[in-house]
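Since we're looking at a predicted model, the values are computed, not measured.
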Amino acid sequence: MNDELRKDFPILIRKIYDRYPLVYLDNAATTQKPRQVVEAMTDEYYNVNANVHRGVHFLSQQATDLQEAGRETVRRFLNARSVEEIIFTRGTTESINLVASSFGQAFMHEGDEVIVTEMEHHSNIVSWQLMHDRLGINLRVLPITDDGRLRMDLLEGLFSERTRLVSVTHVSNVLGTVNPVSDIVQIAHSHGVPVLVDGAQSTPHFPVDVQQLGCDFFAFSGHKIYGPTGIGVLYGRREWLDRMPPYMGGGEMIKTVSFEHTTYNDLPYKFEAGTPDYIAVTGLARALDYLSQIGMDQIQRYERDLTRYALDRLSQIEGIRIFGPQDEREAVISFLVGDIHHLDMGTLLDRLGIAVRTGHHCAEPLMRRLGIEGTVRASFSFYNTRDEVDALVEGIRRVQTMF
């Protein structure tokens with residue numbers, strides 16, 4: 001699987017510091033882009049570039065067709081019911097902020113509550129804290145176990161008559177934990193409460209079916225799923241989106257405007273103010289087609305096998321602490337080694353051509369729960385290999401000798 005696919009990613013043959021082959025293990029932060037994505041975007045810039053929607057000339061209509069074909073590609077990838085439920089944003093962060101702002105404005109009042117978890121990314125914490133400042137809503141937090149799983153036994157007790165939304169990550173960007181989203185949705189819906197899922201770390205690694213999950217909102221980012229930066233998606237059930245006010249005002253999201261009154265456009269355009277990044281939509285659509293051609297099931301099998309191999313190899317390193325569950329996890333491993341600071345470890349691994357992430361990974365509350373400042377994080381893709389895992393292990397051992 002790897003040798004042929006790796007040829008689609010020219011950056012993987014780079015030499016780092018003109019000496020070491022690149023070992024790219026920072027995929028949870030952003031993935032590399034296959035040449036098919038870059039070429040599709042370049043072709044549109046050179047041959048079809050024109051602003052989309054409402055243009056009567058040939059290029060505008062062709063660009064609009066590409067934009068809406070991209071929306072259909074996303075709908076199919078998520079198995080959403082309608083393209084009207086697919087909104088293009090700049091990424092997961094904007095998607096969550098859109099829901100927080102628009103859903104909050106429509107359905108929340110002072111004293112209302114949102115349930116989140118202890119393992120959330122800052123995007124799924126700060127967005128709601130902003131709504132606390134504006135509306136006076138409160139966060140209720142579902143704790144985790146010592147091995148990084150949600151305390152599902154405590155979830156039911158967090159609901160009250162003031163609960164308005166549950167907002168939860170599908171996969172932890174630190175622990176690799178795959179949360180039981182369908183179970184969470186079932187419990188929330190039994191209380192009449194909708195659920196928003198942060199899918200930034202799930203969509204690149206395994207098939208996602210929003211109808212099967214039953215969630216009301218689902219967000220993901222293009223750059224984490226082999227597409228371009230600055231593009232993302234919010235899926236929302238139409239029955240919610242119809243009742244939510246626009247997130248931003250401007251062109252495209254309107255039907256009519258006067259100085260006295262504005263009427264809003266139909267879905268999904270009501271939430272897409274201004275000129276969209278239509279070139280990035282093409283890139284995202286090509287990335288999703290690329291993954292579909294490989295097969296998300298095949299990607300999941302390969303990455304889980306590679307992650308198990310990495311866990312086994314890393315666990316043999318003296319003094320290592322690996323955070324998160326040892327099973328039922330996706331392709332991310334966060335660790336510390338002895339008393340070596342995570343920044344020192346990451347910096348020295350970089351000198352060997354090994355790219356990992358260090359720090360709190362935009363999850364400071366989780367770090368406090370774990371009693372640490374940060375970790376080293378290695379995250380994997382289908383283009384990574386066992387040889388690269390071996391290089392990581394050997395690199396860590398070399399760093400150990402320096403301390």
Side-chain angles (χ1 to χ4, degrees), residues 26-31 73-80 85-86 89 91-96 99 116-117 119-124 142 144 148-150 152 166-186 188 195-227 231-236 284 287-288 290-292 294-307 324-325 327-334 357 361-363 366 377 379-382 384:
D26 194 21
N27 296 286
T30 197
T31 52
T73 298
V74 174
R75 184 211 64 77
R76 189 169 57 248
F77 190 80
L78 295 179
N79 192 33
E85 298 181 318
I86 302 300
T89 66
T92 305
T93 296
E94 184 174 293
S95 295
I96 295 173
V99 175
V116 296
T117 80
M119 64 174 68
E120 298 304 320
H121 188 281
H122 291 168
S123 296
N124 204 22
L142 180 64
I144 63 170
R149 304 174 197 269
L150 292 180
M152 291 294 292
V166 176
S167 194
V168 60
T169 186
H170 202 171
V171 174
S172 169
N173 71 315
V174 175
L175 305 169
T177 309
V178 183
N179 288 323
V181 168
S182 293
D183 294 340
I184 293 170
V185 169
Q186 186 176 7
V195 178
L196 164 63
V197 178
D198 172 356
Q201 300 295 337
S202 60
T203 43
H205 300 296
F206 55 81
V208 170
D209 184 328
V210 292
Q211 293 191 68
Q212 189 175 64
L213 289 175
C215 59
D216 301 272
F217 303 97
F218 187 95
F220 74 95
S221 297
H223 74 100
K224 294 182 188 292
I225 193 167
Y226 308 95
I231 189 70
V233 169
L234 173 66
Y235 156 80
L284 172 61
L288 299 184
Y290 181 86
L291 295 178
S292 297
I294 299 170
M296 292 305 300
D297 289 324
Q298 186 173 349
I299 288 171
Q300 182 180 33
R301 283 193 297 271
Y302 179 85
E303 290 180 346
R304 286 191 171 178
D305 178 74
L306 185 66
T307 303
D327 58 354
E328 299 178 17
R329 68 188 295 158
E330 282 309 315
V332 56
I333 302 175
S334 292
R357 180 72 39 166
H361 315 300
C362 293
L366 175 58
R377 184 183 72 186
S379 49
F380 308 106
S381 161
F382 59 81
N384 291 126

Using modelled atom types only, decide if a donor and an acceptor are shared between the side chain of [X] and the backbone of [Y] within a distance under 3.5 Å.
X: Asn179; Y: Thr169; value: yes
X: Ser95; Y: Ala219; value: no
X: Arg329; Y: Leu175; value: yes
X: Thr89; Y: Leu234; value: no

Less than 4.5 Å apart, side chain to side chain, heavy atoms only: is that true for [X] and [Y]?
X: Val208; Y: Phe220; answer: no
X: Ile86; Y: Val233; answer: yes
X: Val332; Y: Asn27; answer: no

Going by side-chain hydrogen bond (donor to acceptor under 3.5 Å, both in side chains), name the residues that satisfy it together with [X], two or more places apart in sequence or in a different chain.
X: Asn173; answer: none
X: Ser221; answer: Thr92
X: Ser123; answer: Thr93, His121

[X]: salt bridge (Lys or Arg N to Asp or Glu O under 4.0 Å) partners, not counting sequence neighbours:
X: Asp327; value: Arg149
X: Asp183; value: none
X: Glu94; value: Arg90

Check your understanding: Take atom CD in Gln212; do more than 12 heavy atoms of anything else shown fall under 6.0 Å from it?
Key ->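 For Gln212, atom CD is not crowded (no more than 12 foreign heavy atoms under 6.0 Å).
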Exercise for review: Evaluate the criterion side-chain contact (heavy atoms from CB on, under 4.5 Å) for residue pair Thr203 and Phe218; output intermediate values, then yes/no.
Suggested key: CA-CA 10 Å; Thr203 43; Phe218 187 95; 3.5 Å; yes
Point to revise | Side chains of His205 and Glu303, donor plus acceptor under 3.5 Å | key: yes
Exercise for review: Give, for atom CZ of Phe217 and atom CD1 of Ile96, the distance between the pair rounded to the nearest 0.5 Å.
Suggested key: 12.0 Å
